[in-house]
Amino acid sequence: RYKFDGCTSSGAVEYAGENDHNALIAGFIGNSANGSSTGTFINCTSSGSVKHTGDMTSASRNLFIGGYIGYVPELKGLISFTGCTHSGTVLANGRCQSSTRNGGFVGGAYGPLKFTSCLNSGSVTSNIKTTSGAKCNVLTSGFVGDNQHANATITFVAADASQNIAPCKNTGTITLTGHMGGGTYYGRASGIANADYGGGILTAYDVINEGQIVAKDLTGSSSGGYIQVGGIAGCHIANSKWINVVNKGDILVENVKVKY
């Protein structure tokens, strides 16, 4: 069990150079705890840059980048954020042969998450290229890049002025660009969160996106590609609930050359 209360991460975190291992990079925790552990962030701020600027050289290795947590493994315990902000830069820039998941708060989640009165104003950018014959799934969002397990439920708590609970909001620019490769691959960009087809249920009350969502200069070398872009979510699974959500951000899709 861990707890961060009133904590700040303002330094730069950067992994540069070639990498043939899984890379879990974040402002606070690269790899959250396994098992039934719980984690709590209360009134914390993340304002530093978190970047991976090298090449992933293995086809079986993945990249996770988050302003707070890079990777949340399959957990029974809940990771919660209350009154937290992210204003830094999250950047994945380089070659990828498997997947990269990048989010303002959490890169990729296999366990449950809850957000209350949280704000992302930082930019999240994935600029990815693949080597010949490879493919890369690229999932980019203001709060959670991707949830990929049935246990990875994501909840955004309803606003309640009487309890000083504000709606969760994204105002940062979310950008997806690069070459996805060949075969079946996914490119997702959204203001709030993305869910994979095997992921957990998202329940979001009162969330607001005011950030611009950009998917541009995207290519794929063969059929089977999916580019999924949305002000709130790029993709979500059945039974997810979106209640009183608002998108005010512009969505720009430009020069996308992907074969379905």
Side-chain angles (χ1 to χ4, degrees), residues 9-32 46-73 79 86-110 113 120-132 134-148 152 170 172-181 185-191 193-194 196 211 213-220 227 234:
S9 173
S10 58
V13 180
E14 181 172 359
Y15 191 116
E18 291 189 350
N19 178 29
D20 63 355
H21 297 81
N22 290 326
L24 319 171
I25 308 169
F28 281 88
I29 301 174
N31 184 5
S32 189
S46 175
S47 58
S49 61
V50 184
K51 301 178 181 181
H52 186 282
T53 57
D55 294 340
M56 301 290 288
T57 59
S58 173
S60 61
R61 302 303 181 185
N62 302 295
L63 174 61
F64 301 86
I65 309 177
Y68 281 81
I69 302 175
Y71 171 66
V72 176
I79 308 298
H86 171 253
S87 59
T89 299
V90 172
L91 172 65
N93 185 35
R95 293 191 179 277
C96 168
Q97 299 190 63
S98 182
S99 71
T100 177
R101 296 168 169 85
N102 313 308
F105 279 76
V106 176
Y110 282 60
L113 303 170
N120 176 61
S121 60
S123 64
V124 183
T125 301
S126 297
N127 180 23
I128 297 299
K129 300 175 179 63
T130 58
T131 55
S132 177
K135 65 177 182 179
C136 185
N137 296 320
V138 186
L139 309 130
T140 308
S141 192
F143 279 84
V144 183
D146 185 41
N147 74 328
Q148 202 182 19
N170 173 65
T173 299
I174 312 301
T175 303
L176 172 64
T177 184
H179 181 67
M180 304 289 105
Y185 53 86
Y186 301 93
R188 295 179 184 142
S190 65
N194 297 309
D196 212 330
I213 313 300
V214 179
K216 64 181 297 185
D217 300 328
L218 284 165
T219 58
I227 303 300

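As the structure is a computational prediction, the values presented were derived from the model and not from experiment.
- Using a 30° and 60° split on the angle between ring planes, Y15 and H52 fall in the parallel class, below 30°.
- Using modelled atom types, no side-chain atom of N120 and backbone atom of F143 make a donor-acceptor pair closer than 3.5 Å.
- Panel note: side chain N194, backbone D146; no donor-acceptor pair is recorded below 3.5 Å.
- N147 contributes no side-chain N or O that, together with a main-chain N or O of A109, makes up a donor-acceptor pair within less than 3.5 Å.
- Of all non-hydrogen atoms in S32 and I79, the two that sit nearest each other are OG-CD1, 3.9 Å.
- With sequence neighbours excluded, the residues that form a side-chain contact (heavy atoms from CB on, under 4.5 Å) with N93 are L91, N127.
- In terms of heavy-atom proximity, H179 sits nearest to T130 at CD2-OG1, 3.0 Å.
- Inspection of the R188 and S190 side chains reveals no N or O donor paired with an N or O acceptor under 3.5 Å.
- Of all non-hydrogen atoms in A189 and L176, the two that sit nearest each other are CB-CB, 4.1 Å.
- Taking every heavy atom of both residues into account, N62 and N22 meet most closely at N-OD1, 2.7 Å.
- A donor-acceptor pair under 3.5 Å links the side-chain atoms of S46 to the main chain of G67, judged by distance alone.
- For the pair S141 and A193, the tightest heavy-atom approach, listed with the atom from each and the gap, is OG-N, 3.0 Å.
- The line from CD1 of I29 to OH of Y68 is 11.5 Å long, rounded to the nearest 0.5 Å.
- For the atom pair CG (N137) and CD1 (I128), the distance works out to 11.5 Å, reported to the nearest 0.5 Å.
- When atom types are taken as modelled, the side chain of T89 and the backbone of S49 share no donor-acceptor pair closer than 3.5 angstrom.
- Residues C136 and T100 have side chains in contact (heavy-atom distance under 4.5 Å, counting atoms from C-beta outward).
- Looking at P73 and N31, their side chains come closer than 4.5 Å, going by heavy atoms from C-beta outward.
- When the options I213, T125, T140 are evaluated for a side chain to side chain contact (heavy atoms under 4.5 Å, CB included) with T175, the one that passes is T125.
- Between S126 and N102, the shortest heavy-atom contact is OG-ND2, 2.6 Å.
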